[in-house]
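A quick write-up on the structure given underneath.
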Amino acid sequence: MMLTTKLIYCCLVSIVLHPINNLNPKPYISLFNLQGILLPTQFSHSLTSLDAFAPRLLAWFEINGRHDLPWQQHQTDTPNPYIVWLSEVMLQQTQVTTVLPYFARFMASFPTVQDLAAAEWDTVAEHWAGLGYYARARNLHKGAKQLVEVIDETGEYPTTLAGWEAISGVGPSTAGAIMAMGLHRYGVICDGNVKRVLTRWAAIDGDITKSATTKELWALAERLTPKENSGLFAQAMMDMGATLCTRSKPACLLCPLQDDCLAHAQGRETDYPVKAKKQPKPSKFSNALLIENENGEILWLQRPDNGIWGGLWSLPLAFIEKISGKVAVKDADKNKNKELIAANDNQLLEVASNEKVYETEFTTAEQIINEWINKNELVAKSVNDTLLDDSPIKHSLTHFHWYLTPQTVNLNTKQAQEITEALQAGEININWLNADDAQATLGLPKAMVKILE
DNA sequence: ATCCGGGGGC
DNA sequence: GCCCCCGGAT
C-alpha cells in the first residue's frame with residue numbers, strides 16, 4: 001500500500017515537474033534517490049518487476065539449480081577465491097561438463113595458488129592441453145604468480161574489483177564473479193550467459209557488441225543484483241543461462257521469469273541477443289605498379305583531391321579483379337586482364353562472402369598508364385622471384401579490403417620519357433623517385449609504405 | 001561438413 | 001576489432 005502510494009506520488013511529481021517526459025512514448029517511471037532528487041529509470045521494466053527478479057531467480061535456483069559443482073562456494077562461509085578464480089578462467093571458454101575433469105586434475109596437482117605459481121609452465125600446459133585458448137593457461141600461470149605476490153605483500157587475496165582485474169586473464173566479468181562467489185563480497189557479473197538472459201527479459205535489441213549496449217546491460221545487471229548474497233545471485237544467473245535460457249531452445253515453460261520476460265511475450269526469445277553479423281567486407285584486388293626507369297627511380301602519381309588518398313602520392317594502380325563472395329583469385333580469372341591475374345595464380349585468397357561488387361575507379365593518370373602499357377605490350381612482372389613471396393599487401397579500409405600486389409615494369413629511357421610526357425599532357429603531377437626518397441619526401445599512404453617495405 | 005559463440009589481451 | 005580454439009548446434 002505504502003509502495004503504491006509512493007509510486008503514484010512519484011509519477012504525479014514527475015508529470016508536474018517534467019511535462020516533456022509525457023511525450024516520450026517509452027514507459028517512464030521516476031523515483032527518488034536518497035537525496036530526494038527525481039531520477040528517471042533507464043529500464044524497460046517496472047520497479048516491481050525489477051525488484052522481483054532476484055527473489056524469483058533465487059527461489060528457482062534453490063530448488064532447481066545445480067548445487068554440486070565442485071567449485072561452488074555458496075554453501076560455505078569460508079569461500080576459497082582460488083577455486084573460484086581457477087574455475088571461472090576455465091569456464092570462460094568451455095562448458096561445465098568439459099571443465100569438470102580438467103578442474104579436478106588441476107586441483108589435485110595444484111591444490112593452492114602457491115602450488116600453481118611454483119609449477120613449471122610445461123606442467124601447467126600439460127594440464128591445460130585440450131581445453132583450448134592456451135593464452136589463457138599462460139595468463140592463469142602468470143596470474144597465479146601475481147596473486148602469490150599480492151598475498152605475500154598483503155596477507156590476503158585481492159579484495160577489490162580493481163585488484164582482481166589487475167590479475168592477468170581476469171576481466172570485468174570474471175572479477176565480478178570472484179568478488180561475489182569467491183569472496184562473498186558484492187560483485188556483479190555480465191558474461192555471455194547473463195547478457196542472453198537480460199536481453200531477452202528486457203527485450204534489449206541493441207547490438208551487444210556495441211559499447212552502448214554493453215553499458216546498458218551492465219547497468220541492468222547491477223540494478224538486478226541484490227546487495228546481499230550477490231554470489232548466490234551470480235551462481236543462479238549462470239545456472240539459469242546455462243540450463244534454461246539457452247541459446248537455441250530456451251525452456252521458457254520452466255523459467256521463473258517467464259511472465260515478465262518481454263522477449264517471451266513477443267514470442268521472440270531466440271531473436272535475442274542481437275549481434276550484428278559482422279558485415280563481410282567486399283574485397284578489391286589491384287596491382288600496384290612499380291614502374292622503374294633506368295636510374296632505378298619509380299614513377300609516383302599524385303592522386304586527385306577527391307576520393308581515396310586524396311592529394312597523397314601513390315604508385316599507379318592497375319585493375320585486376322573485383323570480386324565478391326567466397327572466391328579464390330585463381331577462380332576469378334575468367335575475364336579481362338588475364339596476364340595480370342596470372343601472377344596471382346598461386347594465391348588462394350579467401351574473401352568474405354558478400355553480394356556487393358565494387359566498381360573500381362581509375363584515376364585519369366591510371367587510365368593513361370594502363371592504356372600506354374597495353375599499347376606498348378609491356379609485361380608487368382612479379383616483384384619477387386619466388387611465387388611464394390609475391391603475395392599481395394592487404395590493406396583494409398572502412399568498407400572493403402584491398403589486396404595490392406606489387407609488380408614491376410621496367411622502362412628504357414625512351415619509354416620513361418614517353419610516359420612522362422603522356423602524363424604531363426594530362427596535367428598529372430608525377431615524380432620519379434626511388435623508394436627511400438619517395439618515403440622521405442612524398443606523403444605516402446600507409447598502404448604504399450607497406451608495399452615499399 | 002560448416003557455422004558460431006565466447007572473454008580477455010593486444 | 002581481431003585473434004585464440006574447441007565443442008555444440010545445425
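FYI, side chains are in, hydrogens and waters are out, and symmetry mates aren't considered; it's all heavy atoms of this structure. Quick caveat: nothing in here was measured; it's all calculated off a predicted structure.
Atom CD of A:Gln92 and atom C1' of C:dG7 are 17 Å apart (whole Å). Between A:Gln93 atom CD and C:dG8 atom C1' there is a gap of 15 Å when expressed in whole angstrom units. Atom P of nucleotide C:dC3 and atom CG of A:Asn139 are separated by 18 Å, given to the nearest angstrom. As rounded to whole Å, 16 Å separates atom P of B:dG8 from atom CG of A:Leu131. Distance, A:Met90 CE to C:dG7 C1': 16 Å, rounded to whole Å. Nucleotide C:dC3 holds its C1' atom 12 Å from the CZ atom of A:Arg138, rounded to whole Å. For the pair A:Tyr134 OH and B:dG9 C1', the interatomic distance rounds to 18 Å; values are reported in whole Å. For the pair A:Leu91 CG and C:dC6 C1', the interatomic distance rounds to 14 Å; values are reported in whole Å.
Using a 4.0 Å heavy-atom cutoff across all strands shown, A:Ser168 reaches sugar-phosphate atoms only and no base atom. Residue-level contact check: A:Val170 touches the backbone only, with heavy atoms under 4.0 Å from sugar-phosphate atoms and none from bases.
Comparing atom distances between the A:Arg247 side chain and each of C:dC4, C:dA9, C:dC6 picks out C:dA9 as nearest. Comparing B:dG8, C:dC6, C:dT10 by their nearest atom to the side chain of A:Lys249 picks out C:dT10. Checked against B:dG8, B:dG6, C:dC6, the side chain of A:Lys275 finds its nearest nucleotide in B:dG6.
At C:dT10, one or more side-chain N or O atoms of A:Ser248 fall inside 4.0 Å of OP1 or OP2 (strictly under the cut-off). For A:Tyr133 and B:dG9, the shortest distance from a side-chain N or O to OP1 or OP2 is not below 4.0 Å.
Ring orientation note: the planes of A:His74 and A:His67 are tilted relative to one another, at an angle of 30° to 60°. Between A:Trp164 and A:Tyr157, the ring planes are parallel. Angles under 30° get that label, and only those over 60° would be called perpendicular.
Contacts of residues 193-220 of chain A with DNA chain B (heavy atom under 4.0 Å): A:Arg196.
Residue-to-nucleotide proximity on DNA chain C shows that, of A:Gln95 and A:Gly132, the 5′-proximal contact is made by A:Gly132.
Side chain of A:Thr214 to main chain of A:Lys210: a donor-acceptor pair is present (N/O by atom type, distance under 3.5 Å, no hydrogens or angles). Side chain of A:Gln72 to backbone of A:Arg66: a donor-acceptor contact under 3.5 angstrom is found. Within the 3.5 Å criterion, the main-chain N or O of A:Gly182 finds no donor-acceptor partner in the side chain of A:Gln73. With hydrogens and angles disregarded, a donor-acceptor distance shorter than 3.5 Å links the side chain of A:Ser87 to the backbone of A:Val84.
For A:Phe53 and A:His45, the distance between ring centers is not under 6.0 angstrom.
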